[in-house]
Amino acid sequence: MSNFFKIKNYINGEMVEPVAGQYLDNIEPATGQVYSLVPDSDAADVERAVDAAEKAFPAWSKMPAAHRSKILCKIADLIDLDVDRLAKTETIDNGKPLSLARSLDIPRCSANIRHFATAILHFHSESHVTDGVGLNYTLRGPRGIAGIISPWNLPLYLLTWKVAPALATGNTVVAKPSELTPMTAHMFSEICREAGLPPGVLNIVHGLGAKAGAAIVGHKKISTVSFTGGTVTGREVAKTAAPFFKKVALEMGGKNPNIIFADADMDAAIQGGVRASFANQGQVCLCGSRMYVEEKIYPTFLEKFVAAAKMLKVGDPLTEGVDQGAVVSKTQLEKVKFYVDLARQDGGKFHCGGSSPTDLPARCRDGYFFSPTVITGLSPTCRVNQEEIFGPVVTITPFKDEDEVVALANGTEYGLASTVWTQNLARAHRLGDRINSGTVWVNCWMIRDLRVPFGGMKQSGVGREGGLEALRFYTEPKNICIQVPGV
Ligand code: NDP
């Protein structure tokens with residue numbers, strides 16, 4: 001029997017073992033070694049979680065919003081007090097640089113919770129006067145139990161992004177984080193207990209998507225499903241949820257264009273482009289993995305961009321000053337290598353990267369590392385330019401004019417986000433309108449205002465989260481119509 005730390009499920013306010021007593025290995029990506037065990041939960045664990053969520057619903061949904069808000073704000077405060085420990089844990093679990101976990105991931109978790117905990121205090125429903133006849137007003141109540149499925153790339157950030165609005169609006173939750181990165185969700189369970197979240201309001205069941213995840217999505221008492229993950233998995237989730245007519249939000253993959261016009265501030269575009277290409281080892285759904293550069297500046301831009309990519313320090317993610325850590329798993333590393341091989345077969349020219357680094361510290365020699373990779377010379381329609389790789393690989397392609405680049409930008413099945421670098425204000429507005437993606441950034445990348453509708457078009461998603469959209473998603477509108485002659 002191994003001595004590894006065993007993560008527990010969080011059900012009905014207790015930290016509990018999975019019913020079947022089965023566990024999976026949890027591997028540290030930077031070393032390739034097992035460092036803890038995660039429950040391999042199944043439908044029986046989901047059933048217990050649903051029971052707890054069902055029992056907790058009446059009291060939680062009727063609790064005054066101000067009281068719910070106070071408990072959620074307490075959770076946010078406890079996260080803020082524990083940033084260093086949470087960030088280090090996330091780095092060990094996920095492979096991302098400690099500096100990124102500390103500056104972005106963990107602060108965003110408390111920001112998510114505080115945002116929705118306070119938004120609910122200002123949430124209001126609509127009323128409409130039907131001329132001379134009557135008055136309509138809309139009641140918006142929680143929908144019941146929400147099933148939340150989240151991925152590994154921003155583990156606690158994306159879990160809290162969904163859990164916070166669901167709880168703020170009075171729903172109870174059964175959540176399944178990715179089994180590849182379960183440790184911060186485990187710590188979050190303990191924080192929720194400490195903050196006094198009533199038992200059963202939030203339940204976290206760890207395990208595999210095809211088993212625990214599918215049992216959540218297919219459970220008939222779970223009426224709302226919010227999923228973030230890949231498009232192929234999203235399709236499965238949609239299929240499972242459809243026969244029950246569940247309300248479903250799907251936040252899925254991206255193959256986002258990053259467009260640089262000749263009039264752009266080149267230094268800013270290079271700096272922003274490097275972040276957009278390689279942040280979190282390229283494992284952000286919003287990463288700009290297809291760069292398009294106007295012909296006039298293409299040679300200069302390429303030279304400077306490659307020089308900047310080569311400056312990124314790949315190494316032990318726990319070491320300060322490291323820009324790139326490990327990708328999340330062996331499977332993900334193999335996926336990246338598969339696409340890099342495809343690029344080679346298709347005649348791509350490699351300007352840097354293309355393989356795993358060889359100068360890693362001893363601790364990391366079995367870890368899952370891949371160097372920042374810049375490729376040119378590929379057709380816009382090849383698989384590398386059409387499919388989501390989710391790794392530190394970017395392609396660069398020259399373009400002639402606005403019409404051509406709009407067609408290229410819109411030329412994939414995805415539509416999550418895009419970035420445009422230009423000093424021409426009219427062009428910025430035109431492209432904002434013409435590019436089919438849920439977000440269009442101009443002269444920036446990854447600025448996130450939690451109030452704006454967030455989500456993707458085409459194969460990148462269905463539904464929007466963020467601000468009011470999320471509060472609406474987790475509530476059921478009911479119209480009351482009263483005849484009032486003469487109003
Ligand atoms: P996956 O689609 O593989 O998994 C997402 C979650 O779904 C995991 O918890 C997974 O569990 C679970 N799951 C898998 N199969 C099922 C199933 N049949 N029923 C229910 N749940 C299931 O995504 P990744 O974890 O690999 O994350 C990367 C993907 O997420 C990328 O495509 C990325 O673009 C996308 N993403 C999208 C974002 C957005 O906002 N649009 C934000 C961040 C990421 P398990 O891990 O066990 O498979």
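Side-chain atoms are counted along with the backbone in the values below, which use heavy atoms only and exclude waters and symmetry mates. Ligands are counted one by one from 1 in listed order, and the atoms in each one are counted from 1 as well. Please read these numbers as outputs of a predicted model, since none were measured by experiment.
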Are any of the side-chain heavy atoms of Pro257 and Thr419 separated by less than 4.5 Å?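 In short, these two side chains do not touch, never coming nearer than 4.5 Å.
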Contacts of Glu476 that satisfy side-chain hydrogen bond (donor to acceptor under 3.5 Å, both in side chains) - sequence neighbours left out: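 Partners of Glu476 by the side-chain hydrogen bond (donor to acceptor under 3.5 Å, both in side chains) criterion, ordered by chain and then number, come out as Arg143.
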Is it the case that over 12 heavy atoms from other parts of the model lie below 6.0 angstrom from the NZ atom of Lys335?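 Yes.
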Determine the interplanar angle of the Phe5 and His186 rings, folded into 0 to 90°, and report it as parallel if under 30°, tilted if 30 to 60°, perpendicular if over 60°.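 It falls in the perpendicular class, over 60°.
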Mind listing the N or O contacts between ligand 1 and protein, cut-off under 3.5 Å?
unit_1: ligand 1; atom_1: 2 (O); unit_2: Gly230; atom_2: N; d: 2.7
unit_1: ligand 1; atom_1: 2 (O); unit_2: Thr233; atom_2: OG1; d: 2.6
unit_1: ligand 1; atom_1: 9 (O); unit_2: Ser150; atom_2: O; d: 2.8
unit_1: ligand 1; atom_1: 9 (O); unit_2: Lys176; atom_2: NZ; d: 3.1
unit_1: ligand 1; atom_1: 11 (O); unit_2: Lys176; atom_2: NZ; d: 3.1
unit_1: ligand 1; atom_1: 11 (O); unit_2: Gly209; atom_2: N; d: 3.3
unit_1: ligand 1; atom_1: 23 (O); unit_2: Gly230; atom_2: N; d: 3.3
unit_1: ligand 1; atom_1: 25 (O); unit_2: Trp152; atom_2: NE1; d: 3.0
unit_1: ligand 1; atom_1: 26 (O); unit_2: Trp152; atom_2: NE1; d: 2.7
unit_1: ligand 1; atom_1: 30 (O); unit_2: Gly229; atom_2: O; d: 3.4
unit_1: ligand 1; atom_1: 32 (O); unit_2: Glu388; atom_2: OE1; d: 2.5
unit_1: ligand 1; atom_1: 34 (O); unit_2: Glu388; atom_2: OE1; d: 3.4
unit_1: ligand 1; atom_1: 34 (O); unit_2: Glu388; atom_2: OE2; d: 2.5
unit_1: ligand 1; atom_1: 41 (N); unit_2: Met252; atom_2: N; d: 3.3
unit_1: ligand 1; atom_1: 41 (N); unit_2: Met252; atom_2: O; d: 2.7
unit_1: ligand 1; atom_1: 46 (O); unit_2: Ser178; atom_2: OG; d: 3.2
unit_1: ligand 1; atom_1: 46 (O); unit_2: Glu179; atom_2: OE1; d: 2.6
unit_1: ligand 1; atom_1: 47 (O); unit_2: Glu179; atom_2: OE1; d: 2.3
unit_1: ligand 1; atom_1: 47 (O); unit_2: Gly209; atom_2: N; d: 2.7

Will you find, in the side chains of Asp80 and Ser110, an N or O donor that is under 3.5 Å from an N or O acceptor?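 Yes.
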Would you confirm whether the ring centroid of Trp421 sits within less than 6.0 angstrom of the ring centroid of Tyr292?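 Not under 6.0 Å, so no.
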